[in-house]
**Q** 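Quick one: the structure is below, and I'll ask about it shortly.
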Number of protein chains: 2
Amino acid sequence: MTSRPPRATISDVAKAAGTGKTSVSRYLNGEQQLLSPALKARIEQAISELNYRPSQMARSLKRGRTRLIGLIIADITNAYSVEVMCGIEAACRDYGFTLLMCNTNNEVALEQYYIQLLSSYQVEGLIINAVGMREEELNQLLQSRLPMTLIDRKIDNFECNVIGLKNHEAAQQLTRHLAGNGFKSLLFLSEPIASVNTRRERLEAFRQTVAEYPDICGENAEIRLNQPEKLGECLREFLRRHSPEHCAIIAANGSMTLEVVKALRAEGLECGKDIGLAGFDEMSWSALAGPGITTLKQPTHQIGYSALQSVISMIKQNDTAPADQFFSGELVVRGSSHPL
Amino acid sequence: MTSRPPRATISDVAKAAGTGKTSVSRYLNGEQQLLSPALKARIEQAISELNYRPSQMARSLKRGRTRLIGLIIADITNAYSVEVMCGIEAACRDYGFTLLMCNTNNEVALEQYYIQLLSSYQVEGLIINAVGMREEELNQLLQSRLPMTLIDRKIDNFECNVIGLKNHEAAQQLTRHLAGNGFKSLLFLSEPIASVNTRRERLEAFRQTVAEYPDICGENAEIRLNQPEKLGECLREFLRRHSPEHCAIIAANGSMTLEVVKALRAEGLECGKDIGLAGFDEMSWSALAGPGITTLKQPTHQIGYSALQSVISMIKQNDTAPADQFFSGELVVRGSSHPL
DNA sequence: CTGTTAGCGCATTCAA
DNA sequence: TTGAATGCGCTAACAG
């Protein structure tokens, strides 16, 4: 029955103010100096009476700029991603952009779907936390020449601006910290390295750092999340081969840390007491699992904010790509890595 | 230098296919039966050659439907919100909508800003996890008659469809569970009730349920997050006045649960051992803080999904508002509420 | 200082 | 079966 009243348009305002659309448009676009006070007042009133808001849709079509930024996140369940997103969102507000947020749920097909979708909404730039992306899709993206920034992960053979963590430095910090606390047998746990550069870089830095200590032995294992049995076995086996009182684990990201803590519980082990533990990514519960988990905290908000700035700089001058940016993490020491 | 190539338009395609825009438009809109196979093939080829994608902006302007849904979340850092968002996002995909996500960071000013923004992008519907919103803004919203659904919280004096939890039932489940496990002194902890209906309902149900047990004493306190000292004092005082071995706490949401766990640690108390604990909202770490936290798990995904469906049904028939929907939670029993 | 005009990319009459 | 013309709401020449 009482259907929605149609939004007022610029013509409605013009009519109500007894003027033309141009003047209203001028009023809206800050060219108010060009308007006589009288007219300005009439327009002002008409706008408020009609509760008029200009349509971004029409504006975008006309100007060819949508002020829309597309964000593709691999796993929004991940706290890291959420924090980065907050940074991006804050930057959007500061720079007058709006965020179209898409969650690919770690599915390549969705990633594909969303890239198409965002592109059809004419986003001016894209921020991507990459999951899969195969050749074909990458070429489409490259071809589109849409301003684009990757977060955290690179994509192989894909020339694109990246914002993320100083992985080498971070892994080194964690490793040295454990070494300094007397741990002699270190196990670096990550999801399958595959071609994920962050995993690879962290592992490499781990190995390299371990090599600085002649008396320390460093190993690594690749385990999928959601394979608790396998993880448990891996831990057991590791402890069997080394003196448990000198063992410590480095988890390559927050999700892995969570899995490790669960697995240790399942094995009846307590980190910080029976075995050392430190992990990438600070989480809400880091302080309260067992004796507190030592973490390497990433400047997530900063990363997100910078990613948007980077995209914007590409939007402004579409010839030059801004430099990659990598930020330092902060070691947060807690009980899990205290000497046993 | 090598500036971005402009997107191909429908005219480009028409030209390339040697036809008019109308036919291309028909091709795009599933009226392919009306096209001769030959023409259809030419269009097909032109589209793929030019890598053409219709502009949603132009389409929206023309059709008066943007297929955009606005989502306003009070605190995206909150795991509950994120999960609900996942549900909404999944539903959007299923129903062919796109999500414009905004995080108000619990600031009323931002809420206001974003509602304007979303409205200017002509979203067809709004899903809101309310924070503040004052009279004035509410009236604007009501006046806009935009299809709208609230999540979790209601807004006072604001007639709007709500999707959320069966708060009464849920609080009852938690309370009865603790009572059944022999706890005699129950403390219900929430952020300031103010006019937040979920807090009020949970508290009321708690009181009502406690009243069913003659030998059980139920109290409550309202404490802001980020006031750990105050919370600590509150806990100490509660334990002083009751036999600690019969004490248990109910935290009114996930954030509060986190605070309580932290506070207990600070007091040197362990939940499940020195004091009972159960809380609303399941979180990633619920299983691994201390002996595991007993929680009332909300069907978050479901809530989000239903919220979108609800909005869509309003979009379709803008006269009738769909009914509110409240879902049951699931009690997840863990060590924190075992008999001491 | 102000109004008229012409599109932005598309879907939709209407006519052929 | 097809295409030309119109207009969605707005901005930006271009006149006055």
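The sequence lines fix the lettering, A, B, ..., with proteins before strands; numbering per chain opens at 1.
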**Q** Check whether more than 12 heavy atoms from other residues, nucleotides or ligands sit under 6.0 Å from atom CD of Q33(A), and answer yes or no.
**A**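 Buried by this count: over 12 neighbours within 6.0 Å.
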
**Q** For DNA chain D, find the residues of residues 7-28 of chain A with a heavy-atom distance under 4.0 Å and give them by number; none if there aren't any.
**A**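 Under 4.0 Å from DNA chain D: T9(A), I10(A), K21(A), T22(A), S25(A), R26(A).
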
**Q** Can you pull the contact range of chain A along DNA chain C, 5' to 3', using atoms under 4.0 angstrom from its heavy atoms?
**A**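 First-to-last contact on DNA chain C, by the 4.0 Å heavy-atom rule, is dC1(C) to dG9(C).
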
**Q** With no hydrogens and no angle check, do the side chains of D94(B) and Y305(B) hold a donor and an acceptor under 3.5 Å apart?
**A**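 Their side chains do contain a donor-acceptor pair, which is all the 3.5 Å distance test asks for.
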
**Q** Suppose we screen for salt bridge (Lys or Arg N to Asp or Glu O under 4.0 Å). Which residues come up paired with K62(B), at least two apart in sequence or across chains?
**A**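 Per chain and number, K62(B) pairs via salt bridge (Lys or Arg N to Asp or Glu O under 4.0 Å) with no residue.
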
**Q** Return each pair, listed once, that meets salt bridge (charged side-chain N to carboxylate O under 4.0 Å, His left out) where at least one residue sits in residues 73-93 of chain B; pairs must be two or more places apart or across chains.
**A**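 Passing the test, one end in residues 73-93 of chain B: E89(B)-R93(B).
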
**Q** Rounded to the nearest 0.5 Å, how far does CD1 of I72(B) lie from CG of L110(B)?
**A**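 With rounding to 0.5 Å, CG (L110(B)) is 10.0 Å from CD1 (I72(B)).
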
**Q** Minimum heavy-atom separation for M314(B) to P147(B), with atom names?
**A**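 Between these two residues, the closest heavy atoms are CB-CB, 3.7 Å.
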
**Q** Do Y113(A) and E107(A) have side-chain atoms, one donor and one acceptor, less than 3.5 Å apart?
**A**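 No, no side-chain donor-acceptor pair sits under 3.5 Å.
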
**Q** Please report the shortest heavy-atom distance between I43(B) and L35(B), naming the atom on each side.
**A**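 Smallest interatomic distance, heavy atoms only, reads CD1-CD1, 4.4 Å.
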
**Q** Is it the case that Q122(A) and R7(B) place a side-chain donor and acceptor less than 3.5 Å from each other?
**A**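 Side chains of Q122(A) and R7(B): pair found under 3.5 Å.
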
**Q** Using a strict heavy-atom distance below 4.0 Å, which residues from residues 57-67 of chain B are in contact with DNA chain D?
**A**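 Result for residues 57-67 of chain B: L61(B), K62(B), sorted by number.
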
**Q** Show the numbers, then the answer: is there a side chain to side chain contact (heavy atoms under 4.5 Å, CB included) between I163(B) and L150(B)?
**A** CA-CA 6 Å; I163(B) 311 282; L150(B) 295 179; over 6 Å; no

**Q** Quick one: how far along DNA chain D does chain A reach, first to last nucleotide 5' to 3', anything under 4.0 Å to a heavy atom?
**A**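 For DNA chain D, the relevant span reads dG9(D) to dC14(D).
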
**Q** Do you see a donor-acceptor pair shorter than 3.5 Å between the side chains of Y95(B) and Q309(B)?
**A**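 Yes, Q309(B) and Y95(B) have a side-chain donor paired with an acceptor closer than 3.5 Å.
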
**Q** For a salt bridge (charged side-chain N to carboxylate O under 4.0 Å, His left out) check, start with the C-alpha distance between R67(A) and E124(A), then their side-chain angles and the critical distance, and finish with the verdict.
**A** CA-CA 6 Å; R67(A) 304 283 93 170; E124(A) 295 187 56; 3.2 Å; yes

